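A short write-up of the structure that comes next.
Both counts, for ligands and for their atoms, begin at 1 and track the order of listing. Computed from a prediction, not measured in an experiment: that's the story for all the values here.
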Amino acid sequence: MRPPKMSRRDHLRLMGTGATVLAGSAAGMMPWGNNAILKASSADVAKESPEQLADRARRMKWWHEARFGMFIHFGLYSVIGQHEWAMELEGIPVAQYQLLAKHFNPRPHAAREWAKLAKRAGQKYMVMTTKHHEGFCNFETKLTNYCAPKQACGRDLVAEYVEAARGEGLRVGFYYSLMDWHHPDGARCLTDEAARVRFVEYTHGLIRELMTQYGKIDVLWYDVDWPLSAEQWESEKMNKMVFELQPDIIVNNRNGVPGDYSTPEQEINPAKGGRAWETCMTLNESWGYHKADNNWKSPETIVRNLSTCAHDAGNYLLNIGPKPDGSIPEESVRILTAVGEWMQRNGPTIYQIEPCQSDWHVYANYTRRGNTLYMHIYHWPGETPASEWLEFFRLPSVLAIGGLRAKVQSARLFASGKPVAFEQGDQYVKFTGLPINAPDSPVTVIAIECDTEPVVNHNDVRKLRKREGVGM
Ligand code: GLC
């Protein structure tokens, strides 16, 4: 028997549904009751004034509604085609590695293809690497020659990206790595104060250029703050400058100070205290282009992850790693296109939803808006031999939810609008008259209208069910 406190994660582990299958999505479902954290206030939030909180709510409104974004890792590493950490993990000397800048020359306006795919996939914003750990700047800068416009490429790739994203009506985000493996002060800044001062000035200077050269920027996505502390990076001052230059921008938490949102990586792990959060994830196992990495997630996994993020009102930033010519790996195109087709039919059950207080299910996720519960069914039950003896499963096929604390008023298949018959007892609601095969793919959504905010709590079933004697 399962102990009463078993989480969905434990349950999936027992069932053999490993993290690799769901790519961490299991971690996103909280045992019922923990969703209260979405309403509590954390220390971070509590320190802020009502004005600051109101300003954040204003700046982040579009982001919360957007729910789904495209991450793009593009840089010199794409030429090697072995992950964006190749320089460090394979110990490539700087003098060698920087030769790549003479061979990195993507075709003009490759970013238009990225933006078109993002739009097709139902993604509402993009975040592109302006400078990754390798230190190469994809943008025009006066502070180093190690940048695309002054090397073989001869063009400002960030400018092309910004134009492409705006052309498709998508919001524009910049990823920026504080850690720098190329700059001479990038590591010695930790032990040499003069180097720190120079390197911090360089870093703030590059960020200033990014914040002034491209018009309105919607997101600044900092990454890895090694080797300095927030004080040493002067991160408060950094953010102050950013907000002075871009009053509507939102910033993440990876420059050592909390910023506007948390960034769980490769796992769906909602932030506590009502804080905004965004899971970033790869489509295979690499951020940068990795030609041999074929461990792609299926469209089903992506849709389920999106729904798991939406359950706890989080965003999902899903990565592509373009090839050196800027083209997108075929598998990424295939997966994102399939996800986009599903979003076309079911998008409203992901965008603009509200936190959902529900227990886990074995074949479905839930999202919610107002009094409507959206049941995202990924393993369609179809027929069960048990229907021969159990009236519960007649007529096939039956889908059921135990412990729904609301009265169902109507139900329909979301994509087609077709009404679904239902029957509600004390501890269950079951949907009947459904087709044997799943009507949609990879996930079918049933919209369930309730008389009040739907909450799903298994404990109700466990505690309140009528127990009818001992033995058989
Ligand atoms: C990690 C990696 C980096 C990647 C990032 C995305 O910090 O170092 O390569 O860009 O995650 O979240």
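- Side chains of Arg171 and Ile250 form no contact here, defined as non-hydrogen atoms less than 4.5 Å apart.
- Note: His83 and His290 have perpendicular aromatic rings, judged against thresholds of 30 and 60 degrees for the angle between ring planes.
- Taking the six-membered ring where tryptophan is involved, the planes of His133 and Tyr175 are tilted, since the angle between them lies from 30° to 60°.
- Around ligand 1, the residues contributing at least one heavy atom under 4.0 Å from the ligand are Phe71, His73, Glu84, Trp85, His132, His133, Tyr175, Trp221, Asp223, Val224, Arg254, Glu265, Cys280, Trp287.
- Each salt bridge (charged side-chain N to carboxylate O under 4.0 Å, His left out) pair with one or both residues in residues 333-348, not counting sequence neighbours, appears once here: Glu331-Arg334, Arg345-Asp440.
- Taking the six-membered ring where tryptophan is involved, the planes of Tyr161 and Phe174 are tilted, since the angle between them lies from 30° to 60°.
- Under the 30°/60° scheme for interplanar angles, the aromatic rings of Phe71 and Trp221 are found to be tilted.
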